[in-house]
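Below, all heavy atoms of this structure are taken into account, side chains as well, without hydrogens, waters or symmetry copies. Since we're looking at a predicted model, the values are computed, not measured.
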Amino acid sequence: MTQRRVQSVDGTVEAARRGDRDAFRRLVEAHQHEVYSLACRLVADPHLAEDVAQDAFVRAWRALGSFRGDAAFSTWLHRITVNAAWTARQRRKRHQYTPLEESAPVVETDRRVDPALAGETLHLADVLGDALADLPDDQRMVVVLKDVEGWSHAEIAEAAGATVGATKVRLHRARKK
């Protein structure tokens, strides 16, 4: 990131910290895609991910005064998103039900796609989704952030409030499972 862009982001964060709603709106617009994408990967449900992203931005607005700037704003926001996702997943586990319209998967067909390949891809996506859902939250977070988002172990450790060694162990155990 260029020095000018860093100053612009820092200035926007500072303005938002002082209560400037327009500055916070710009931060939301700048980060909404990455927050939603991360939430989607963590909760594996696009509708729930929308709620998680919204909750993450509400939490960020409320906690802006505690943002010290030790880490990048995006790293701080990602950590809030991870926390919001885990809260939503725990809430969903307590109140889990499957609406009738969601009980049978809808498969989109494309005549250009080989049906056998499409079936295998759908099966693999289901298997991987189930495997991720079965992982403990801390392991699932590390797998998603490392293997899907491409974060380094240092970034994951900072976001998770853990050591680099702990994130490596969690990733190893998750992959083994």
Ionic contact status for E29 with R26, cut-off 4.0 Å: no
Side chain proximity check, R173 to L135, heavy atoms < 4.5 angstrom: no
Contacts of type side chain to side chain donor-acceptor pair (under 3.5 Å), residue D134, not counting sequence neighbours: none
Side chains of E155 and L145 in contact at under 4.5 Å (non-hydrogen atoms): no
Contacts of type salt bridge (Lys or Arg N to Asp or Glu O under 4.0 Å), residue D20, not counting sequence neighbours: none
Any L64 side-chain heavy atom under 4.5 Å of F73 side chain: yes
Flag side-chain contact, heavy atom, 4.5 Å: D147 against L171: yes
Results of ring pair (Phe, Tyr, Trp, His ring centres under 6.0 Å) for F57 - residues two or more places apart only: none
ILVMFWY network linking L38 to V43, side-chain heavy atoms under 4.5 angstrom: no
pair R140-W86: side-chain heavy atoms closer than 4.5 Å: yes
Distance, nearest 0.5 Å, that separates OG1 of T12 from CZ of R17: 13.5 Å
R170 side chain vs V142 backbone, donor-acceptor pair below 3.5 Å: no
Smallest separation among heavy atoms of T167 and A162, with atom names: CG2-CB, 4.5 Å
Donor-acceptor pair, side chain of T87 and main chain of N83, under 3.5 angstrom: yes
Contacts of E34 that satisfy side chain to side chain donor-acceptor pair (under 3.5 Å) - sequence neighbours left out: H31, H78
Taking every non-hydrogen atom, the tightest pair across W61 and A16: CZ3-O, 4.0 Å
Between CD on residue E14 and CZ on residue F67, distance to nearest 0.5 Å: 8.5 Å
Side chain to side chain, P46 and E50, heavy atoms closer than 4.5 Å: no
V52 side chain reached by L42 side chain, heavy atoms, under 4.5 Å: no
For T163, side-chain contact (heavy atoms from CB on, under 4.5 Å) partners two or more places apart: A166
Single-linkage hydrophobic cluster, 4.5 Å side-chain cutoff, Y36 and V28 together: no
NZ on K168 to CD1 on I156, rounded to 0.5 Å: 10.5 Å
Crowding at CZ, R59 (>12 non-hydrogen neighbours, <6.0 Å): yes
Straight-line distance of D45 CG to C40 SG, nearest 0.5 Å: 7.5 Å
Heavy-atom closest contact (A154 atom, V164 atom, distance): CA-CG2, 3.9 Å
side-chain contact (heavy atoms from CB on, under 4.5 Å) against A56, all qualifying residues, sequence neighbours excluded: V35, I80, T81, A84
Closest approach of A39 to A53 (non-hydrogen atoms, all atoms of both residues): CB-N, 4.4 Å
